[in-house]
2 protein chains.
Amino acid sequence: MMRVTMRQLQVFEAVARLRSYSRAADEIHVAQPTVSKQIRLLHEEIGLPLIELIGKKVFLTQAGEELYATCSAWLDSWGRFEQTIADLKGLKQGRLSIAAVTTTKYFMPRMLGPFCSQYPGIDISLEVVNRDRLLERMAQNQDDLYVMGIPPEDISTQSEPFLENPLVVLAPQFHPLVAKRNIQFSEVAHEQFILREHGSGTRLAVEKVFEERGFPLRVKMELGSNEAIKQAVAGGLGLSVLSKSTLNLDATQRDIAILDVDGFPIKRYWYLVRPRDKQLSVVAKTFMEFLKQHIDLLNPYGSR
Amino acid sequence: MMRVTMRQLQVFEAVARLRSYSRAADEIHVAQPTVSKQIRLLHEEIGLPLIELIGKKVFLTQAGEELYATCSAWLDSWGRFEQTIADLKGLKQGRLSIAAVTTTKYFMPRMLGPFCSQYPGIDISLEVVNRDRLLERMAQNQDDLYVMGIPPEDISTQSEPFLENPLVVLAPQFHPLVAKRNIQFSEVAHEQFILREHGSGTRLAVEKVFEERGFPLRVKMELGSNEAIKQAVAGGLGLSVLSKSTLNLDATQRDIAILDVDGFPIKRYWYLVRPRDKQLSVVAKTFMEFLKQHIDLLNPYGSR
DNA sequence: CAGAATCATAGCCAACAATATATGGTTTTC
DNA sequence: GAAAACCATATATTGTTGGCTATGATTCTG
């Protein structure tokens with residue numbers, strides 16, 4: 001009984017609705033015998049008469065009524081499905097799920113805003129998590145896109161930089177070097193540093209620079225949050241190196257200053273990452289396109 | 001987009017449910033590439049990816065989820081439909097609509113009773129109407145079966161007798177002829193008669209007999225109801241000829257007697273009538289079968 | 001790392017769905 | 001009663017579906 005075809009149901013529905021074979025044939029744009037045949041096949045398949053012709057009038061049997069109800073409902077829900085697909089294609093609706101590492105919370109929301117207003121039907125979810133959580137989510141294919149400072153080596157991912165992510169040296173407002181330009185690296189190398197824990201992208205980069213320059217890195221304190229580090233620097237506990245993104249750009253930071261040290265800012269990037277063989281949804285593609293177009297406007301460090 | 005086939009949806013549903021191509025292939029008893037192909041066709045038809053393979057795990061895209069929901073619902077409602085059909089075939093449910101002329105109300109309910117209890121899932125509707133109303137209903141195909149004393153000449157109907165319907169001569173309890181056997185027709189011919197109106201089947205039969213025997217029929221009163229006629233006869237207003245069915249069989253009629261007149265009872269039948277080219281429902285067929293089997297038990301005048 | 005499991009692709013084929021045209025029989029309508 | 005409308009049947013054709021086998025690529029699992 002699974003051999004009933006959609007076409008047959010479509011034809012039947014038209015006949016049942018219009019109570020006429022020939023009008024149904026017109027509506028579907030086929031010849032009348034085609035309709036007759038489809039209906040006959042349906043009868044044979046189901047094993048009960050569905051339609052009665054008394055005189056030339058079309059009546060439905062009880063089984064016919066049942067089928068009519070069933071396939072009306074079906075055509076209805078299929079119609080809704082087609083509409084949904086059309087909407088998805090036309091970006092009139094959809095979901096975009098992004099997971100990003102913590103530091104991005106300083107600028108990601110700002111980038112999502114304009115996208116949201118251009119595509120009001122699209123729901124965006126931005127999960128802000130630490131790097132480990134993010135990798136977990138990636139492994140489980142929970143999101144469309146991921147944003148991180150250091151893309152995984154893993155060949156099963158694809159990544160591209162989309163935004164500069166300079167690392168700058170921070171010092172307390174009244175540190176002696178604040179006013180100086182072109183500070184030599186050696187001048188800050190002996191300072192005490194307050195950094196993120198081992199494994200953090202920023203920490204890795206700093207260690208690498210010190211190693212290249214041949215200076216030992218003196219870490220006074222490890223803190224798990226950028227905010228805490230800024231507070232510590234402001235309090236005069238030491239210097240730090242952080243992504244410039246962490247600085248509040250609007251209200252000028254009163255108690256912290258950026259030192260103009262040679263070799264800084266370290267040029268790094270924020271990467272958009274996705275599973276290599278994940279077919280991006282239309283929404284996700286559009287979002288990436290959108291980012292590329294608007295990046296100049298949004299990038300506060302854009303090298304214009 | 002109407003070219004999606006049921007088979008494809010069935011395959012997709014299985015894949016989506018089992019989250020595996022090969023297990024789906026097993027379940028449906030086809031080779032794995034067949035599943036791959038169906039899914040690919042579906043993708044092409046819909047124009048959006050529905051399934052993602054990350055590693056070897058099966059994920060559904062948003063469009064996939066939509067389709068899954070849609071076609072789960074469909075399979076569900078199709079299943080219910082199949083069940084309904086099976087029930088109809090197996091007589092576990094159904095409707096039987098019968099229209100019968102007024103006089104049959106004295107015995108039809110009694111015949112329906114056992115059928116009802118044998119097929120408790122079947123709803124029976126018995127419409128008791130006059131002959132004209134019944135013909136109207138027949139023209140509009142409102143019922144499955146019709147019961148009447150004189151089937152229409154109309155070739156567009158088919159009829160078969162199923163029950164005897166003898167017409168008997170009724171007289172008041174204390175009429176002089178009540179005690180007599182083998183009464184000559186001439187002995188009652190001069191009596192006053194109380195009959196149904198012209199056009200009634202009974203009336204026609206009586207007129208015919210009188211004509212055959214060469215006596216004028218003297219009609220004292222025409223009444224529209226059998227009950228009224230019985231009352232009139234009991235009241236001594238005259239004799240009458242009625243279907244024996246109209247007499248209450250249980251409680252012996254105290255004030256009316258049947259005369260044993262030569263030529264009576266007139267042998268007539270109740271007919272089951274149906275539109276010639278109406279395919280009978282399984283229920284209706286079963287009911288006719290049932291009647292034939294039980295008629296001897298039910299027929300109070302059976303010629304055993 | 002080897003083997004097992006899983007999915008994709010290619011190529012082929014039988015079966016069938018879907019359709020048209022031509023024609024004939026009823027029923028309805030004018 | 002003739003014409004029109006309507007449905008059934010017969011037959012031929014065409015494209016597609018649904019299926020298989022064989023093989024290759026990738027990923028997961030001991």
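Numbered from 1 within each chain, the chains take letters A, B, ... in sequence-line order.
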Q: To the nearest Å, how far apart are A/Met6 CE and D/dT16 C1'?
A: 16 Å

Q: Please report the distance, rounded to the nearest Å, between CZ in A/Arg7 and P in C/dA18.
A: 7 Å

Q: Looking only at side-chain N and O atoms, does B/Ser36 come under 4.0 Å of OP1 or OP2 in C/dC7?
A: no

Q: Indicate, with yes or no, if the rings of A/Phe287 and A/Phe115 have centres closer together than 6.0 Å.
A: yes

Q: Nearest-Å distance, NE2 (A/His43) to C1' (D/dT9)?
A: 16 Å

Q: Mind listing the closest non-hydrogen atom pair of A/Tyr146 and A/Arg274 along with its distance?
A: CD1-CA, 4.5 Å

Q: Using a strict heavy-atom distance below 4.0 Å, which residues from residues 59-66 of chain B are in contact with DNA chain D?
A: none

Q: Near DNA chain C, counting only heavy atoms under 4.0 Å, which residues of residues 17-34 of chain A show up?
A: A/Val30, A/Ala31, A/Pro33, A/Thr34

Q: Can you tell me which residue among A/Phe81, A/Trp78, A/Trp74 is in a ring-ring contact (aromatic ring centres under 6.0 Å, His included) with B/Trp74?
A: A/Trp74

Q: Using atom CD of A/Gln10 as one end and atom C1' of C/dA18 as the other, report the distance to the nearest whole Å.
A: 12 Å

Q: Let me spell it out: for each of B/Arg40 and A/Lys57, pick the nucleotide of DNA chain C with the closest heavy atom. Which residue's pick is nearer the 5' end?
A: B/Arg40

Q: Does atom NZ of A/Lys285 have more than 12 heavy-atom neighbours from other groups under 6.0 Å away?
A: yes

Q: Is any side-chain N or O of B/Thr5 closer than 4.0 Å to OP1 or OP2 of D/dT16?
A: no

Q: Does a side-chain N or O from B/Gln38 land closer than 4.0 Å to OP1 or OP2 of D/dG18, or not?
A: yes

Q: Please determine if a side-chain N or O atom of B/Arg3 lies less than 4.0 Å away from the OP1 or OP2 oxygen of D/dG15.
A: no

Q: So, does the side chain of A/Lys37 form a donor-acceptor pair with the base of C/dT19 at under 3.5 Å?
A: yes

Q: Kindly write out the residues that satisfy side chain to side chain contact (heavy atoms under 4.5 Å, CB included) with B/Val101, not counting sequence neighbours, or none if the list is empty.
A: B/Thr104, B/Arg131, B/Leu134, B/Met148, B/Trp270

Q: To the nearest Å, how far apart are A/Glu44 CD and D/dA8 C1'?
A: 13 Å

Q: Starting at atom CG of A/Leu42, determine the distance to atom P of C/dA18, rounded to an integer number of angstrom.
A: 11 Å

Q: So, B/Gln32 and B/Ser36: side-chain donor and acceptor under 3.5 Å apart, yes or no?
A: yes

Q: Using whole Å, report how far CD1 of B/Ile54 lies from P of D/dT26.
A: 15 Å

Q: Would you kindly give the CD1-to-C1' distance between A/Ile39 and D/dC6, to the nearest whole Å?
A: 15 Å

Q: Using only atom types and a distance under 3.5 Å, with no angle test, would you say the side chain of B/Asn130 pairs donor to acceptor with the backbone of B/Asp132?
A: yes

Q: Is it true that B/Arg23 and B/Glu27 make a salt bridge, defined as a side-chain N closer than 4.0 Å to a carboxylate O?
A: no

Q: Going by side-chain contact (heavy atoms from CB on, under 4.5 Å), B/Met288 matches just one of B/Asp144, B/Val283, B/Leu272. Which one?
A: B/Leu272

